[in-house]
Amino acid sequence: MDEESLINGVIQFLNLDEDKEDFIKKRIGALFGRGLIGKSEGNIISLTSTSSEDLKNRQSLYEIELNNLSSAQADLLKEKFNIPWTSDESKKVSIWIANAYITNELKNLKEINASIINNNFYNISENGSEKIKKYLIKNKSIDLVTANNIVNDLLDLASTHPLITKISRASVYVALDGNNPIASAKSIGANRWSDVSIILEPSVALPYLCSILYKGNNNRFFKTSVKSVKQAKELDSLLYMPYYYFNECAGHLLTARKYIGFEDQNKELEFSNNAFISNYFHLKNRGIKVPETISEYLGTFSNAIKTERSDVKNWVRSIMIDLQTILTSNGIEYIDTPHYEDEELQETKYQYSDILEGLGIKKKSHLFNNDIYTLTATNERIVKNAEVWAILTNDKSLVNFSKTDSFKGWITNPYKFLQVTELSKPMSESKMISLVHSVATFSERTLSLGARIMDKLIHLSSRELQNYELKIEIEKFKREAIDSINLEDSNIYELIDSKTEEFILKHGLNQNDGIDDEINDDNINIDL
């Protein structure tokens with residue numbers, strides 16, 4: 001091409017604005033300077049022999065990697081799902097997979113207000129994972145559940161493949177005009193991760209606490225929570241927890257005592273919302289060595305848990321000291337929060353209440369106030385002291401609060417934290433975080449629903465729950481409630497909660513045994 005045709009061709013191909021013409025001219029000049037392009041008769045620009053050879057080598061490597069990915073896909077679908085898979089299908093699906101990862105990466109960058117250049121080029125109409133699912137259902141006559149499982153496996157397979165990693169990272173590089181994501185993110189505003197201070201909220205701190213003493217992975221939320229804390233430590237970010245979040249962790253340990261006597265429900269309780277119980281049964285179900293009883297297991301976190309006390313507040317406080325010692329010795333520091341007068345908190349309370357109402361979430365007053373103090377104190381340090389703060393949580397209500405104009409920091413879940421931090425690493429060190437986390441449907445969903453029912457019922461008087469006849473009624477109720485629900489219903493948890501409340505009212509069960517008024521109990525609203 002001549003220079004004018006080349007410039008116009010680049011603008012059209014990359015969907016750039018016309019004002020990029022001077023920039024492209026400079027890039028052409030730089031390529032001349034490096035001997036990668038040259039001019040022939042009639043001022044026609046062409047590749048030099050060196051760059052032509054390099055292009056062929058890159059094309060050859062791309063084809064090798066694509067064929068490798070295609071073969072892996074074909075093997076997976078044939079061996080696991082008995083579905084024939086052609087090379088053309090594999091190429092089509094590989095494009096959609098790359099599309100899914102690029103869409104996901106750019107979505108995360110937009111959430112932290114990164115300065116993305118040329119949005120039009122990345123205006124992808126439909127996420128690739130949905131395209132794969134629709135293709136499987138329509139062209140392979142696959143049911144929805146199987147299609148979901150196949151998509152999960154294909155995305156997981158691609159997450160470790162160099163081709164997908166290169167395409168996704170290159171797209172991010174172009175979108176940010178070669179800048180580091182953390183440096184270009186207005187919600188973070190730091191040059192390096194060691195400048196970022198992070199508050200750990202209990203829904204993340206609890207899995208990490210369990211992982212310090214025991215090596216269970218549990219479900220994906222547990223696993224990514226642990227990985228996110230370890231990643232933050234590797235990046236030299238400073239990790240903190242205020243007093244009341246340590247107290248919440250102690251409340252979860254005390255609540256876990258109520259599960260004593262339900263060891264026979266080990267399969268379901270692996271999916272309990274209580275991190276201690278979930279971790280214990282996850283390990284035990286896999287034959288990994290753990291203490292013989294729940295009581296002994298809980299005692300490894302705090303000796304104070306073993307002896308029941310009438311003064312619950314002091315009991316929680318003594319447990320908290322033990323847990324705080326474990327966490328602080330593993331890099332989670334205590335941070336003080338100032339005292340605020342009611343009028344200083346009103347605006348934050350109003351906005352947070354509005355978010356909770358919109359999400360249909362009800363929080364106990366002490367848990368609500370804990371979050372308000374965290375949001376206020378963190379925002380104050382950002383605005384007044386020009387410090388860089390983030391909150392790491394699995395609670396979707398907190399994550400949603402960060403989208404308001406009043407909060408100047410970054411609140412994110414472990415999965416997105418891992419994605420953004422990987423993007424900040426050099427290409428040679430980074431790895432893809434599988435999309436499976438965000439699209440997965442658990443095959444053990446009926447077990448997790450059973451665990452959710454038990455989590456609801458466990459806050460009743462433990463003496464009532466130990467009644468033999470009531471135990472039989474609970475088992476019957478669980479079977480009937482789960483069987484009556486469509487497992488693909490998006491409101492599945494609200495439905496199961498409603499049925500559980502009806503069961504409690506029908507049997508006239510006491511919904512408070514006195515302890516729940518004193519402790520910060522399990523009230524985690526997972527950010528899906």
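Since the model is a prediction, treat every value here as computed from it, not as a measurement. Along the sequence shown, the residues carry numbers beginning at 1.
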State, with a plain yes or no, whether a side-chain heavy atom of [X] is found less than 4.5 Å away from one of [Y].
| X | Y | result |
| --- | --- | --- |
| T412 | V399 | no |
| L69 | I164 | yes |
| I198 | V229 | no |
| F276 | C210 | yes |
| F407 | I391 | yes |
| L398 | L375 | yes |
| E248 | M241 | no |
| T146 | K140 | no |

Measuring from [X]:[atom1] to [Y]:[atom2], what's the distance to the nearest 0.5 Å?
| X | Y | atom1 | atom2 | result |
| --- | --- | --- | --- | --- |
| L367 | I372 | CG | CD1 | 12.0 Å |
| S194 | D236 | OG | CG | 6.0 Å |
| E89 | L136 | CD | CG | 9.0 Å |
| L392 | E201 | CG | CD | 9.0 Å |
| I24 | E3 | CD1 | CD | 10.5 Å |
| N330 | L209 | CG | CG | 9.0 Å |

Neighbour count >12 (heavy atoms, 6.0 Å) for atom [atom1], [X]:
| X | atom1 | result |
| --- | --- | --- |
| F32 | CZ | yes |
| N82 | CG | no |
| E63 | CD | yes |

Heavy-atom closest contact ([X] atom, [Y] atom, distance):
| X | Y | value |
| --- | --- | --- |
| S168 | I102 | CA-CG1, 4.1 Å |
| V204 | S225 | CG1-O, 4.0 Å |
| L327 | A205 | CD2-O, 4.4 Å |
| T48 | G35 | OG1-O, 3.0 Å |
| P207 | A275 | N-CB, 4.3 Å |

Worked verdict on T404 versus I355 for side-chain contact (heavy atoms from CB on, under 4.5 Å): CA-CA 10 Å; T404 63; I355 286 169; 4.0 Å; yes
Given the rule in the side-chain contact (heavy atoms from CB on, under 4.5 Å) test, do F368 and S353 qualify, once you have shown the distances and angles that lead to the verdict? CA-CA 9 Å; F368 176 85; S353 296; 3.4 Å; yes
Look at the side chain of [X] and the backbone N and O of [Y], then say whether any donor-acceptor pair between them is shorter than 3.5 Å.
| X | Y | result |
| --- | --- | --- |
| S159 | D156 | yes |
| Y101 | G128 | no |
| K215 | I212 | no |

Once the angle between the rings of W193 and F417 is folded into 0 to 90°, is it parallel (under 30°), tilted (30 to 60°) or perpendicular (over 60°)?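 Correct class here is perpendicular.
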Aromatic ring pairing Y240/W389, orientation class (parallel under 30°, perpendicular over 60°, tilted between):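 Rings of Y240 and W389: tilted, as their planes differ by 30° to 60°.
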Working note: Y135 + K92, criterion side-chain contact (heavy atoms from CB on, under 4.5 Å); need CA distance, chi angles, decisive distance, verdict. CA-CA 10 Å; Y135 180 83; K92 186 196 298 276; 4.1 Å; yes
Does this structure show an ion pair linking [X] with [Y], if we count only N-O contacts that are shorter than 4.0 Å?
| X | Y | value |
| --- | --- | --- |
| R58 | D54 | yes |
| K133 | E130 | yes |
| D195 | R192 | yes |
| K363 | D395 | yes |

[X] and [Y]: side chain donor to acceptor below 3.5 Å:
| X | Y | answer |
| --- | --- | --- |
| S397 | Y352 | yes |
| Y415 | Q419 | yes |
| E422 | Q231 | yes |
| D371 | Y245 | yes |
| Q351 | S406 | yes |

I64 and S60: side-chain contact (heavy atoms from CB on, under 4.5 Å), yes or no, with the steps? CA-CA 6 Å; I64 290 169; S60 177; 4.1 Å; yes
